[in-house]
Structure formats: C-alpha cells, structure tokens
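The structure presented is a predicted model; accordingly, all values stated were derived computationally and were not measured. Numbering starts at 1 and runs along the sequence shown.
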Amino acid sequence: MTEVGDKGPDTRVNEGREREGENRDNDVHKGKVGLARQVTLLGGTAIIVGTMIGSGIFASPVGVLRQTESVGMSLIIWLLCGVLSTFGALCYAELGTMIPKSGGEFPYLMDTYGAPIAFLFSWVSIILTRPSSISIIALTFADYAVQPFFPADECEPPVVVLKMMACICVILITFVNCFSVKAATNVQIIFTAAKLLALAIIIVTGFVKLGQGNTEYLDPRVSFKGSSSNVFAYGIAFYQGLWAYDGWNQLNFITEELINPYRNLPLGIVIGIPLVTVVYLLTNIAYFAVMSPDEMLTSSAVAVTFANRTLGPMAWIIPFFVCCSTFGAANGSLFSTGRLAYVAGREGHTIQILSMVHAGFITPLPALTFTSVLAIAMLIPNDFDTLVNYFSFASWIFYGLTAAAVVVLRIKHPEWRRPVKVPLVLSIVVAIVSIYLVIAPIIDAPEFGYLYASIFILSGLFFYYPLVYRGYSPRFMDHVTVFFQNLMQVAPSYYNPPEEDYNPPEEDYNPPEEDESDKDSNTEEKL
C-alpha cells in the first residue's frame, strides 16, 4: 500500500521564519520571475492521460503483436506495461513530493547521484529523446490528418506533405504553450476528452461485435497458440507497449506549477494511469473482435482499418479523433519537455537563456522555443519501430536510475520528509525491469545503433567538465543572452517552493542553489 503522510506541525514553516526570510527573498528575487502554480488536479490528470494516450495505441499494437506472435501474449504484455508504468509512477510520486521541483528525473538524479549523472540525463533528453518523441507523435498526427486526401488504395501521401503537416502541428502547440499555461492545460483537457471519446467508440463497437459472437481470436484455448519462445523478443514487445504508456511521469516535469503537489501529484497518478491501462486493454480486445492478427500486422493504421470495417459512412470520425489524440499528446510532451530544459538551464546545465521566463505570459518561452526547433529538425524519414526502440533504450537507463534513487535516498537521507512513501519492492522491480529493457534488444538484435546511442550519452561528459564543472562560458554568450532576452522579453527565474507544506527541514536538506545573483547581475544590468 502507498502511504500518504499527514501534514504535521513540524512540516510547516513557522510564521517567524517566514517573516524573517521575507525581506531576504525579496532582495534575492529582485528582477526575477517565478512560475505560477496554475495546474489543477483535473489539468494534471489530463496531462498524464492526454500524453499517454497519443499515437502508441493506434500504431504500437502491431509492434507488440509482431514480437509476441499471439493474441493472448500481446494482451498480457499490454497489462504488464500498465502495471510497470504504475509502479514507476508511484516511485516518482515519492521522489516528487520529497523533492518538489520540476524537471522530471533531473532534480532526483542531481540529489541522488550528483551533477554528472543529472547532466547526462538532461543532455540526452533535451537534445535527443524528448524532441524525437514530439517528432514521432507529430508525424503520426500528419499521417492521419492527410489520409482523407490520399486514400490508401489510390496513392501514398508525399513525404514532404507529411513533414509539412507535422511541422504545422509543432508550431501550433508551441504557440499555445508559449502564450499561456492555462491555455495549454485547457487544450490538454479538451483533446484528452476527445481521445477518450474516440477510444470509447472503438471499445463499444468492438464489444458489440463480441456480443455477436466474434470471439475467434480471443478464445483462451487458441489465443496463446504460436506464442514466441524468444525471451528477448518480449523486450522489444515491451518497448512497443511502453511507447504507448510513455507519459506516466509527466506530472513530475511540472511539479513547480502544480497546485498542492503533495496531494495532486500522487492523486493524479492514481487516477490517470489505471484509467489508461483499462482503456488500452479494452481497446486491444475490441481490435481483435473485428480484425485477425494477420490483418493487424499488415495494417499501417489499425484504428482506421477498424473504423472502415465497422462504422460505414461514419468511419471518418476515427481519423479525426486520432488527430485530436496525437495533437493533445504532442501538446503535453512539449509542455513537460520545455520545463526540463528550463530547470536544467536554471541549474546551469544548459545556456542561461533557457532558464528565463516571459515577464508577461509567465511561461518558459525560450525553453519551449528551443525544444520545438529541435523537434522540427528531427522530422526526417525513418522506421517507426527503430525510432521507438532507440528512444526507449536511452530512456530506460535513466528510468532505472531514478527508480533506484528511492532506495538510495532512503539509505542516504532517512531523515528527509516523505509525504508519499512507497514499498521499496516497487523501486527494486522497476530497476530490475529497466536493466532487462536496456539489455534485451542488444542481445536479441545487436546493432551499431545501440553503440552510437551509448557513445552519444557518454559524450556529454566532454561538455560537462568545461561548461558545468569548470563554469566556462565564452564572452560572446553574454551578448547572445542579452539579445535573446530583449527579443523574447524574458527575465531570469527562481525556484518557487510549495506553500502547502514544508519539506524537508532546512538543516537536513539543501537543494541545489538556484539564486546565483552574481551570475545574473551582469545580464540584468545590461537590460
């Protein structure tokens, strides 16, 4: 059972300390802007659900089925992916309420293993994995958006059209996210409702077919026949399934903007991930009630094929809702990725301009713009499965390290206040599975791509030593920072801790210092 700690007198900042530190904080934060807490429980849950339900459920069923080679095993993989995502999210809930900072894994790795590991995570995530995830989702959006104009039985859409449509998608969500946090969360809520409606249509239609006797492929006596005997093939199947579940850690990227994170962070996880797991299982069952395994393997757009067979002249609504689904997932991914770049910049792990916040919109506009530019640059032709596998390979290294951080911090800092405390077995399970997911694809199908990915990760150390550890910064960067600061109308930022609770005691926990007035003074004076 997950224990949620009650707020006791010892966890609150006493009034005397607040009055004493008020003037000091005003001096330190002078000329800076802090992100506001505007994301509600509904908005946070929509970010989890809306980001998880994106393109994966409409493309990854094929990848899972291809590796498992049976209907029964593919459904078990989908269930296990949901269980693993829940375990991981609960571990993140403990970390997120103990270290209530935005940036996902970044602050947890920083406080557990030190700056080098945290830098490698930000290096890989900001430059490669997170923008590539947005690109993949945007390409899926483009594929479904142009299908009405390029029927599959007549012609394939030109690559340039797909890339242009994906580019438009990224530009739109960037504009919304830069303009307003509330606008971005409202967009997320609306598109999350749309995608749940789309999946409800698929589920209801599929279960109607089940009621009519279409249970041939779901009969337990035959559904497990032909299951793959290759243990490592299931690692690839997990990759495909977990791609659909990716997003279970999204709230940890926006903790500093979440209202009452000690309550809403774990509650959003408990509501969102089980909901997605149930929806995914029911959706896959609905698919197999209408399509055979062989037909699914030959379909490039499973949801569209399903709609064409069951909804008749109303089949167009599924591609429309899939566009809504992928657009919402891209919006949620950009929302969270921008916060990672922002927090890394605030800690001095990226260029200073990324740590700044728009003075009027109160959004990390430079970080969001930087992320969108990288996502657009990654809109290149590639095989979907390959993109997913390399993305998961790099990500699960850090997922495992973060899950293990729960155990490490219990040993290193047992005195830290933990509003949410999970059984250690959950952390151990996630860490072990992460090791398997990193090793399995390499053993199953060794490729130079994994070697290149490893070299790319470790190459970050060549940048860490001079730029972060030694603090070297070329002189011209001051001029670049001032130029973009004036262009974007942004100001230096500061960490704004939650007011609902005080966690942990100052004498026990000293988070990385964000308020380096000397570092920012030159920039502020030039403005």
Side-chain angles (χ1 to χ4, degrees), residues 49 52-86 144 147 152 192-228 234 237-238 240-245 272-326:
V49 176
M52 290 177 71
I53 302 177
S55 61
I57 189 61
F58 305 104
S60 285
V62 175
V64 174
L65 182 62
R66 182 183 300 118
Q67 298 299 326
T68 59
E69 300 180 9
S70 73
V71 173
M73 286 306 301
S74 69
L75 294 177
I76 289 179
I77 292 296
W78 280 100
L79 175 61
L80 292 178
C81 287
V83 172
L84 181 63
S85 299
T86 303
Y144 279 90
Q147 277 193 9
T192 297
K195 65 184 67 181
L196 288 176
L197 177 59
L199 292 174
I201 293 173
I202 292 175
I203 291 169
V204 171
T205 303
F207 275 75
V208 168
K209 293 295 184 180
L210 286 176
Q212 295 173 351
N214 293 356
T215 60
E216 177 183 355
Y217 305 108
L218 296 169
D219 188 337
R221 293 171 295 182
V222 298
S223 61
F224 289 91
K225 288 184 177 180
S227 297
S228 176
Y234 290 96
F238 264 107
Q240 300 294 331
L242 289 168
W243 164 250
Y245 280 95
I273 300 179
L275 172 63
V276 173
T277 302
V278 171
V279 168
Y280 278 0
L281 281 174
L282 295 180
T283 301
N284 276 277
I285 292 172
Y287 284 152
F288 288 117
V290 174
M291 305 170 63
S292 70
D294 291 337
E295 290 170 333
M296 284 187 64
L297 289 173
T298 58
S299 175
S300 60
V302 176
V304 172
T305 303
F306 178 94
N308 290 335
R309 293 193 175 187
T310 58
L311 300 179
M314 294 299 294
W316 61 270
I317 65 174
I318 294 300
F320 171 77
F321 278 126
V322 172
C323 288
C324 294
S325 177
T326 49

> When rounded to the nearest 0.5 angstrom, what is the spacing between OH in Y287 and NZ in K209?
16.0 Å
> F288 and Y217: which non-hydrogen atoms are nearest, and at how many Å?
O-CD1, 3.6 Å
> Work out which heavy atom in R309 is nearest to a heavy atom in V290; give both atom names and the distance.
NH1-O, 3.8 Å
> What are the two closest heavy atoms between A286 and G206, and how far apart are they?
CB-CA, 3.7 Å
> Rounded to the nearest 0.5 Å, what's the gap from CD1 on I57 to CD1 on I202? Could you check?
8.0 Å
> Any chance you could measure T192, atom OG1, to M52, atom CE, to the nearest 0.5 Å?
11.5 Å
> Show the nearest heavy-atom pair for residues A237 and Q67, with the distance to one decimal.
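Where A237 meets Q67 most closely, the heavy atoms are CB-CB, 3.7 Å.
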> Does atom CZ of F320 have more than 12 heavy-atom neighbours from other groups under 6.0 Å away?
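No, CZ of F320 has 12 or fewer neighbouring heavy atoms, counting only those of other groups under 6.0 Å.
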> On a heavy-atom basis, which atom in P293 and which in L65 lie closest, and how many Å separate them?
O-CD2, 3.6 Å
> Are I285 and I203 side-chain neighbours, meaning at least one heavy-atom pair lies under 4.5 Å?
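With C-beta onward as the side chain, the pair stays apart.
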> So which of V71, I76, L75 actually passes side chain to side chain contact (heavy atoms under 4.5 Å, CB included) with M73?
I76
> Going by heavy atoms in the side chains, are T305 and E295 under 4.5 Å from each other?
no
> Can you measure from CG (L275) to OH (Y280) and round to the nearest 0.5 angstrom?
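Interatomic distance, L275 CG to Y280 OH, rounded to 0.5 Å: 10.0 Å.
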> Taking the inter-plane angle between the rings of W78 and Y245 on a 0 to 90° scale, is it parallel (under 30°), tilted (30 to 60°) or perpendicular (over 60°)?
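Aromatic pair W78/Y245 classed tilted.
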> Could you give the distance from CZ (F238) to CD1 (I77), rounded to the nearest 0.5 Å?
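CD1 of I77 is found 4.0 Å from CZ of F238.
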> Determine, step by step, whether F321 and I201 satisfy the side chain to side chain contact (heavy atoms under 4.5 Å, CB included) criterion, reporting the C-alpha distance in whole Å, the side-chain angles of both residues, the deciding distance to 0.1 Å, and the verdict.
CA-CA 10 Å; F321 278 126; I201 293 173; 4.1 Å; yes
> So, for I273 and S85, which heavy atoms are closest and what is the spacing to 0.1 Å?
CD1-O, 3.9 Å
> Nearest 0.5 Å, please: how far is CG in L218 from CD in E216?
9.5 Å
> Checking side chain to side chain contact (heavy atoms under 4.5 Å, CB included) between T283 and each of L199, V278, V302, which is the one that passes?
L199
> As a quick check of understanding, evaluate side chain to side chain contact (heavy atoms under 4.5 Å, CB included) for I318 and F306, giving each step before the final call.
CA-CA 9 Å; I318 294 300; F306 178 94; 5.7 Å; no
